[in-house]
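Counting starts at 1 for both ligands and their atoms, following the listed order.
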Amino acid sequence: MTQSPAPPLTDVAIVLVAAGRGLRAGRELPKQYVPLAGKPLLAHTIAALAALGAPVQPVIAQGDELLFANVCEGLSAAARALLLPAVPGGATRQTSVRAGLEALARVGAPAIVLIHDGARCQPGHALLLRAVEAARQFGGAVPGLAVTDTIKQVDDQGRSCATPDRARLRAVQTPQSFHFNLIHAAHNDAAKQELADFPDDATLAEWAGHEVHVFEGEALNMKVTRPEDFALVETRLLADLPDIRTGQGYDVHAFGPGDHVWLGGVKIGHDQSLIGHSDADVLLHALTDALLGALADGDIGSHFPPSDPQWKGAASDRFLRHAVDLVSARGGMIAHLDGTLICEAPKIGPHREAMRARIAEICGLPVGRVGVKATTSEGLGFTGRREGIAAMALATIRLPVQD
Ligand code: MG
């Protein structure tokens, strides 16, 4: 997860299957959208796939467009740049995969396609490279793990009726990898014959008469399926980010003539405005500096010099989003953001939840990881004299171990 994206593999693309409803996971949300370690599960999957540097074609359920947009918010700019526009899936996994293959064929078929389940959120970079190489060599290939438990086949009454030789069994994962034309044609043939329920693409390729090679899978590449899988995967995701850091930010802007202020990304009617080069959103500026401080990467002025005319009147969500992208680019996550506004007026309380929601949206975070507080300064000092508004912020981030 710590690798920076490789140069684009121009002849490889990935179909990301994320149209399932995840009924076994026992959650209200489809499992690929459940937040884990601060991001939807699917955002972790996409971040891991992005290490390959190949275009990713998402296939999502109709009606999940907003959930998917939220996933994209949690991605680094580099990962977002690899995403093709999502296409709607079908009633079965097989029809969803075909929708993804058709979408790739429309924009220009790659030589090699990897087909990956959205609910496997930790495919390693080495596994992805093995998948590409195996497809090149064999035409069709799947990752598989040797089975450690003895497997029993049972009858309708649950009685053991066969014990296959464990040495010949493999538990098969994704990404399954193929010559694009081979698997595309096999899917089209199956659709023509109105077969729509193959459990995976390897089985479909075998049905179409192709040999499928099994290469070494990864134990960590598990599919989140049962309720208890979420905690296990989240623990692993957090264990990959042991370097916990905090940063602080502080900002002040003075009042001047006007009829509104921007605070926490929310426009609030007021009898004065805050004066600044950008929209003067003190809270977003303090949060941006807190994140930059946690990264030990300068301050808002060094990233967005006030002398640069392109930031004149700029909406401050761009500054905050930039800092968020820097955290993502380091392979990290934001654990928590906490801001305090210091002013006599306007009243912050009525707008607190809107600010939390907006900051969470900008940062691609669950709202439970964003705190907004306010205080007056009891009439003392420049804030007490209503000359301006001050904001303080703390950011807590988690990073991979840097070597
Ligand atoms: Mg400022």
Side-chain angles (χ1 to χ4, degrees), residues 77 245-327 334 336-349 351-352 354-365 369-377 380-397:
R245 299 168 171 215
T246 56
Q248 64 149 346
Y250 175 71
D251 195 32
V252 173
H253 281 270
F255 279 124
D259 61 6
H260 69 275
V261 292
W262 283 95
L263 292 173
V266 175
K267 187 178 181 180
I268 299 170
H270 191 51
D271 55 8
Q272 289 179 296
S273 287
L274 291 172
I275 305 306
H277 190 64
S278 65
D279 65 10
D281 189 325
V282 277
L283 182 54
L284 295 194
H285 293 185
L287 288 165
T288 304
D289 258 354
L291 283 171
L292 294 173
L295 290 166
D297 186 1
D299 61 21
I300 193 168
S302 58
H303 287 265
F304 301 97
S307 55
D308 188 334
Q310 68 170 310
W311 310 123
K312 187 168 169 51
S316 297
D317 55 354
R318 291 181 59 180
F319 307 150
L320 181 55
R321 183 67 217 186
H322 175 72
V324 172
D325 279 341
L326 291 174
V327 176
I334 298 169
H336 189 242
L337 294 174
D338 182 27
T340 303
L341 284 159
I342 304 159
C343 58
E344 304 292 325
K347 284 260 172 280
I348 302 304
H351 306 286
R352 181 206 310 270
M355 290 183 199
R356 291 180 69 211
R358 179 65 187 132
I359 292 163
E361 181 185 25
I362 295 165
C363 300
L365 288 173
R369 290 179 183 267
V370 178
V372 171
K373 312 183 302 302
T375 184
T376 70
S377 50
L380 300 173
F382 70 88
T383 51
R385 293 189 299 271
R386 300 175 185 241
E387 293 168 4
I389 298 182
M392 301 193 298
L394 273 182
T396 306
I397 67 172

Query raised in the report: Between H285 and S278, do the side chains contain an N or O donor and an N or O acceptor separated by less than 3.5 Å?
Result: yes
Report summary line: For H285, the N, O or S atom at the shortest distance from the Mg ion (ligand 1) is ND1
Query raised in the report: So, does D289 use its side chain to make a donor-acceptor pair with the main chain of D299 at under 3.5 Å?
Result: no
Query raised in the report: In H253, the N, O or S atom nearest to the Mg ion (ligand 1) is which?
Result: NE2
Report task. Check step by step if salt bridge (charged side-chain N to carboxylate O under 4.0 Å, His left out) holds for K267 and D279. Result -> CA-CA 10 Å; K267 187 178 181 180; D279 65 10; over 6 Å; no
Report task. Give the ring-plane orientation class for F319 versus F304, where under 30° counts as parallel, over 60° as perpendicular and anything between as tilted. Result -> tilted
**Report entry** Metal site the Mg ion (ligand 1): N/O/S of D251 inside 2.8 Å
**Finding:** yes
